[in-house]
2 protein chains.
Amino acid sequence: MKNNSSHQKISVAVDVLLFTIEDDKLKIVLVKRKEKPFKGSFALPGVALRESETLKEAAERSVRERTGLKNIFLEQLYTFGELERDPRSRTVSVTYYALTDPGKLDASGADDGVSLISVDEILKGDPELAFDHREIIEYGRNRLGGKVNYSDIAFEFVPKEFTLPQLQRVYEILLGENLYKANFRKMIAPLVEETGNMLTGMAHRPSKLYRRKQNN
Amino acid sequence: MKNNSSHQKISVAVDVLLFTIEDDKLKIVLVKRKEKPFKGSFALPGVALRESETLKEAAERSVRERTGLKNIFLEQLYTFGELERDPRSRTVSVTYYALTDPGKLDASGADDGVSLISVDEILKGDPELAFDHREIIEYGRNRLGGKVNYSDIAFEFVPKEFTLPQLQRVYEILLGENLYKANFRKMIAPLVEETGNMLTGMAHRPSKLYRRKQNN
DNA sequence: TATCATAGTACAAAATTGCTACTAAGTCAA
DNA sequence: TTGACTTAGTAGCAATTTTGTACTATGATA
């Protein structure tokens, strides 16, 4: 850590990958760029880091300015610093990933110009994104897949009260493979408790509603 | 990602946690600061990011300038951006961790002012480090512990030819717990192959030397 | 009221992990 | 030269976890 180069020409940006699951698909919030370069292309919501805010605060601001969401799950992902990432100037981008259930996102009153796009489609190349944002999303997608197994991130994608089939579907989408119902329930049982309510009106047998167990 | 703030007051540093295992202890390379602030304290080796280099290149440069080492294992750890990290100016520090076996480090002809310090001692608070470097090392130490189980980082701490007891010791130090010999060998067997050589002159039964299997 | 589709449970088979106890081999002291 | 010592390496069983199948339960719908 030195400060010998007194005139700094390197910009610091904070970009956010805001994931949610809707219609059984992993999706991400993108914004349509209104300026060059990549005018009209989709890009990750991001901000320039201010001197008076921490990295995480900048990430929270980015989410809030675009979607109105506050207090959602947010963790640092990776920092990208290739030379030609941004044609305007040398920019280092610290990325965060945020998770939310689609209900909160709908209710939050997001900007125009904010879209929810299927991550699978993006990774196939459609639509093409601005900057290196497709690669960033690919990296984030892989991280999510890894994190499912040794953390509780799956809960971030469902409402406070949820059914086990719902939660299992989240696991399956994040892992990209189907799970055995019986095994899934054994695994998840210590983490949840019944609310006493049922999810009815769905045709067929209704399922019990659970909530996340707090302590433990 | 915006560039509306044309005069950038935020510095970008790249700091490296260079770990090795020596005398059955996890150690880290620190340098003694020659300037204020924290003059005389130990700190992580770091550099200011140059406009013409990527983050990883800066990390490599930091390792090379201090220790002479090239081509060692290097991965990004985390980016620290609290407001008061550096009393001189707002500094975002992108950190990398590097791993090496102590043999390479000895042979590389490191600078004066470069020390190998026990990580356990540092985490206990002795010696006290400059900036927030103790917290960074704590974060890196935890990451190492987690990574052992689902990656091959342990191999980075041993020479090209190694014995299974040596490798097991590395696992034990990183995990902080003892492993059963028989299980360890079953787990590691698919990853290694015998070289045909033995490590002799050690008193007691000599052990076979192995190398890492390449493909697979 | 029977059928359908999904919710939820019981339980065996297979694989892995945890653990103990053994045999093997070189050094060193007598 | 030999036997004790200490570490290297292996065999194998017990306990647990994971994998998988097959069943029963329940409300909606026709």
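- When the shell of 6.0 Å around CD of Glu161(B) is examined, it contains more than 12 heavy atoms from other residues, nucleotides or ligands.
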Exercise. Carefully, step by step, assess Val29(A) and Arg66(A) under the rule side chain to side chain contact (heavy atoms under 4.5 Å, CB included).
Key: CA-CA 9 Å; Val29(A) 166; Arg66(A) 301 299 193 147; 5.7 Å; no
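- Atom CZ in Phe184(B) sits about 17 Å away from atom P in dC19(C), given to the nearest Å.
- Closest heavy-atom contact between Ile137(A) and Leu17(A): CA-CD2, 3.7 Å.
- Residues passing the ring-ring contact (aromatic ring centres under 6.0 Å, His included) test with Phe38(A) are Phe131(A), sequence neighbours excluded.
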Dump every N/O contact between nucleotides 11-13 of chain C and the protein below 3.5 Å, one line per pair.
none

Quiz item: Which parts of nucleotides 25-30 of chain C does protein reach within less than 4.0 Å, heavy atoms only, written one letter per nucleotide 5' to 3' as B for base, S for sugar-phosphate only and - for none?
Solution: BBS---
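- Checking each of Phe155(B), Phe184(B), Phe157(B), Tyr180(B) against Tyr171(B) for a ring pair (Phe, Tyr, Trp, His ring centres under 6.0 Å) leaves exactly one that passes, namely Phe184(B).
- The existence of a salt bridge linking Glu193(A) and Arg211(A) is confirmed by a sub-4.0 Å separation between a basic side-chain nitrogen and an acidic carboxylate oxygen.
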Practice problem: Go through the steps for Leu123(B) and Arg134(B) under the test side chain to side chain contact (heavy atoms under 4.5 Å, CB included), then give the verdict. | Solution: CA-CA 7 Å; Leu123(B) 296 185; Arg134(B) 198 197 66 82; 4.1 Å; yes
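- In the 5' to 3' direction, nucleotides of DNA chain D lying under 4.0 Å from heavy atoms of chain A begin and end at dT19(D) to dA28(D).
- Using modelled atom types, one side-chain atom of Thr95(B) and one backbone atom of Tyr78(B) make a donor-acceptor pair closer than 3.5 Å.
- Residues that satisfy the ring-ring contact (aromatic ring centres under 6.0 Å, His included) test with Phe42(A), not counting sequence neighbours, are absent from this structure.
- Counting non-hydrogen atoms under 4.0 angstrom, Lys181(A) reaches a base of the nucleic acid.
- Look at OH on Tyr180(A): it is 19 Å from P on dT6(C), rounded to the nearest Å.
- Aromatic ring pairs are classed by plane angle as parallel below 30°, tilted from 30° to 60° and perpendicular above 60°; the pair Phe73(B) and Tyr97(B) is tilted.
- Under the 4.0 Å criterion applied to side-chain N and carboxylate O atoms, Lys25(B) and Glu121(B) are not assigned as salt-bridge partners.
- Whole-Å rounding puts the Phe162(A) CZ to dA7(C) P distance at 15 Å.
- Under the 4.0 Å criterion applied to side-chain N and carboxylate O atoms, Arg169(A) and Glu172(A) are assigned as salt-bridge partners.
- Between Arg61(B) and Glu57(B), none of the side-chain N atoms (NZ, or NE/NH1/NH2) sits under 4.0 Å from a carboxylate O, so this pair counts as no salt bridge.
- Taking atom CG of Leu179(B) as the reference point, atom C1' of dT16(C) lies 15 Å away to the nearest angstrom.
- Look at CG on Leu209(A): it is 13 Å from C1' on dA7(C), rounded to the nearest Å.
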Heteroatom pairs (N/O) under 3.5 angstrom, protein to nucleotides 1-3 of chain C:
none

